[in-house]
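Beneath this line is the structure, given in structure tokens, with notes to follow.
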Amino acid sequence: MSEASTLKRIGLPIPITILGVVLVVFACLFPFLWMGVSSIKTLPELYTVPPIWWPATPTLGNYYKVLFESNIPRYFVNSVIISVGSTFLALILAIFASYGFARFNFRGKPLLQSFVLIGQLLPTAAIIVPLFITLRVLGLVNTYWGLILVYMIITLPLSVWMLTSYFKAIPVELEEAAIIDGASRLGILFRITLPLSTPGIVAVVVYAFVTTWNEFVFALCFATDSSVKTLPIGLAEFSTEFNTDWGAVMAASVVMTLPIALLFFSMQRLFVGGLTAGATKG
Amino acid sequence: MDRNSTGLVFVLPALIVLAMLIAYPVAYTGLLSVTDRQGEFVGLNNFRAVLAARATPQAFWNTIWFVGGSIVFQVLLGTATAILLNQSFVGRGIVRSITLIPWVVPGIVAATTWAWMFHTEFGIINYMLTGPGIMPEPIGWLTNRDTVMPVLIAINVWKLFPFVAIMVLAGLQSIPNDLYEAARVDGANFWQEVYHIMIPQVRSVIVAVTLLLVIWGLNSITIIYAITRGGPANRTLITPIQIFRLAFESTQFNQAAALSVMFFAVALIIVIIYIKALAATPGEAK
């Protein structure tokens, strides 16, 4: 009886827990370890059977090749411009839209809200063709603006969804008090609501940045000129040539993964909190 | 407390952008699918041409097989991982962060890294399997017609099971403690707790996540395109890649549009059936 009434969990048997944790950690980390090790191997060391676990003569040659002898730095800059631009635009649009959905009642609101979510449900492959033609008519194929705009399809719906549930959680009374004091709607939004929803904003920024940084299909279709190509496309070019230089590919993968890993781990607590809060409140 | 129109003003900019990028292209796809290059109306000719292509039914079944196979394992592994990460053990926070890594890294990075690991001659996986004698000789994982699809599914599962895990974990954490206590008073063991408390309580989360996985699965071009481009012999050609190829490699925009319309319709039907099926069994597990 005394055992049953304690709060201690029964839990998995400890050996199974340890085994499971080791397996999960191994599965999640091993590809990145292998990526890192491969990126500092020389060509002969990469192409040996059996593979060697640690290079006898670690080299930075692959990184030199990627950073100074390829288009990767250019693509890196393109990726930064496009990701920052589309994240910023998505954030601004999402802040206004979410505030409108969270604080006002107007005709057709449920319909409009579901229209926003449809963007998330749409198979992107189904709209590649007309999007391409639309961008061509607007003269936006192979421009930064083209990709920045197109990325709204992917980032905006979920951003609006997350921020709406965040704004709803902020007590209306705070805003009502400010209205009585004569504050304008915009003043309230920027002075009261936004500062209170910093975690939600951070979640949206991380989500939008990571998504656009990683995006492949739209970039493949709408950025065919090396002046606007993004990193994922650069990496694909590297590895689809007939003779893949795996050392350089792995070095480029490291270069591409680092910013996203740093951003994600510095913001992880806030991001996961925002994401799961949005999901459970629905 | 406000006039009707104020809220609409706030919402409008986002809606205009989305309408321009979604509603207009969707309508335009419909138009493209029934016209030819010159914009002349050709009825269902594009549809006929697409359906007559041998690749179309093959891509359709490949898509079902890829999406279905991925989801089953993503949900099973993700839920199992969530239950594991819900246990208390030293270093749990770090392990939770590590689990998220595959989901966060760019799909193209995952694809190239795994392609290198599955390399026939120099890949670490063939080495690990042939070394201790699990396999007699190296397998051409990505060139063999029978192994390439399962391998791609495995990579896709690896990429997305963390997302399922984190969402289900959030659900597990919101289960009130008295449910466990009640079960314990009744003498339940761990597996009974999993079956009678955890799974029913996170059922709605799993359902929502599965819907997202279906949609993402139907969208997933990156991994397959980067590794095999649909080959060998169209063995991994899925419909989204077929649409891409029709449009940008064969520049058959109108046929690609016709295929898009059919793809969209099938996707919509799947989603509707799924939502209907959910509505039909409300709280059956409660």
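Residue numbering restarts at 1 for every chain, and letters A, B, ... go by the order of the sequence lines.
- Of the two parts of B:Ala115, the backbone and the side chain both hold a non-hydrogen atom closer than 4.5 Å to a non-hydrogen atom of chain A.
- Using a 4.5 Å cut-off between heavy atoms, A:Val21 touches chain B through backbone and side chain atoms alike.
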Check the pair B:Thr113, A:Trp34 against side-chain hydrogen bond (donor to acceptor under 3.5 Å, both in side chains), reporting the backbone distance first and the verdict last.
CA-CA 8 Å; B:Thr113 306; A:Trp34 196 240; over 6 Å; no
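- Within the 3.5 Å criterion, the main-chain N or O of A:Ala27 finds a donor-acceptor partner in the side chain of B:Trp158.
- Qualifying salt bridge (charged side-chain N to carboxylate O under 4.0 Å, His left out) partners for B:Arg96, counting only residues two or more places apart in sequence or in other chains: none.
- Within residues 10-22 of chain B, the residues that have a heavy atom under 4.5 Å from a heavy atom of chain A are B:Phe10, B:Val11, B:Pro13, B:Ala14, B:Leu15, B:Val17, B:Leu18, B:Ala19, B:Met20, B:Leu21, B:Ile22, listed by number.
- The two residues A:Ile260 and B:Pro106 come nearest to each other via the heavy atoms CG2-CD, 4.3 Å.
- The contact between B:Thr81 and chain A is made entirely by side chain atoms (from C-beta outward), counting heavy-atom distances below 4.5 Å.
- Side-chain atoms of A:Met35 and B:Thr112, non-hydrogen and from C-beta on, never get closer than 4.5 Å to each other.
- Minimum interatomic distance between A:Pro130 and B:Tyr28 (heavy atoms only, all atoms of both residues): CB-CD2, 3.9 Å.
- With a 4.5 angstrom heavy-atom cutoff, B:Phe253 touches chain A via backbone and side-chain atoms both.
- Heavy-atom contacts from other residues, nucleotides or ligands closer than 6.0 Å to CG of A:Leu258 number more than 12.
- Residue B:Ala208 does not touch chain A at all, counting heavy-atom pairs closer than 4.5 Å.
- For the options A:Ile153, A:Ile127, A:Val254, A:Thr257, heavy-atom pairs under 4.5 Å to chain B are most numerous at A:Ile153.
- Between B:Phe122 and A:Tyr47, the ring planes are tilted. Angles from 30° to 60° get that label.
- In this structure, chain A has a heavy atom under 4.5 Å from the side chain of B:Leu32, while its backbone stays farther away.
- Remark: side-chain polar atoms of B:Asn219 are paired, donor with acceptor, to backbone N or O of A:Thr124 under 3.5 angstrom.
- Counting heavy-atom pairs closer than 4.5 Å to chain B, the top-ranked of the candidates A:Cys221, A:Ala261, A:Ala102 is A:Cys221.
- Ranked by heavy-atom pairs under 4.5 Å with chain B, the list A:Leu46, A:Ile16, A:Leu29 is led by A:Leu46.
- With contacts defined as side-chain heavy-atom distances shorter than 4.5 Å, the pair B:Trp103/A:Cys28 does not qualify.
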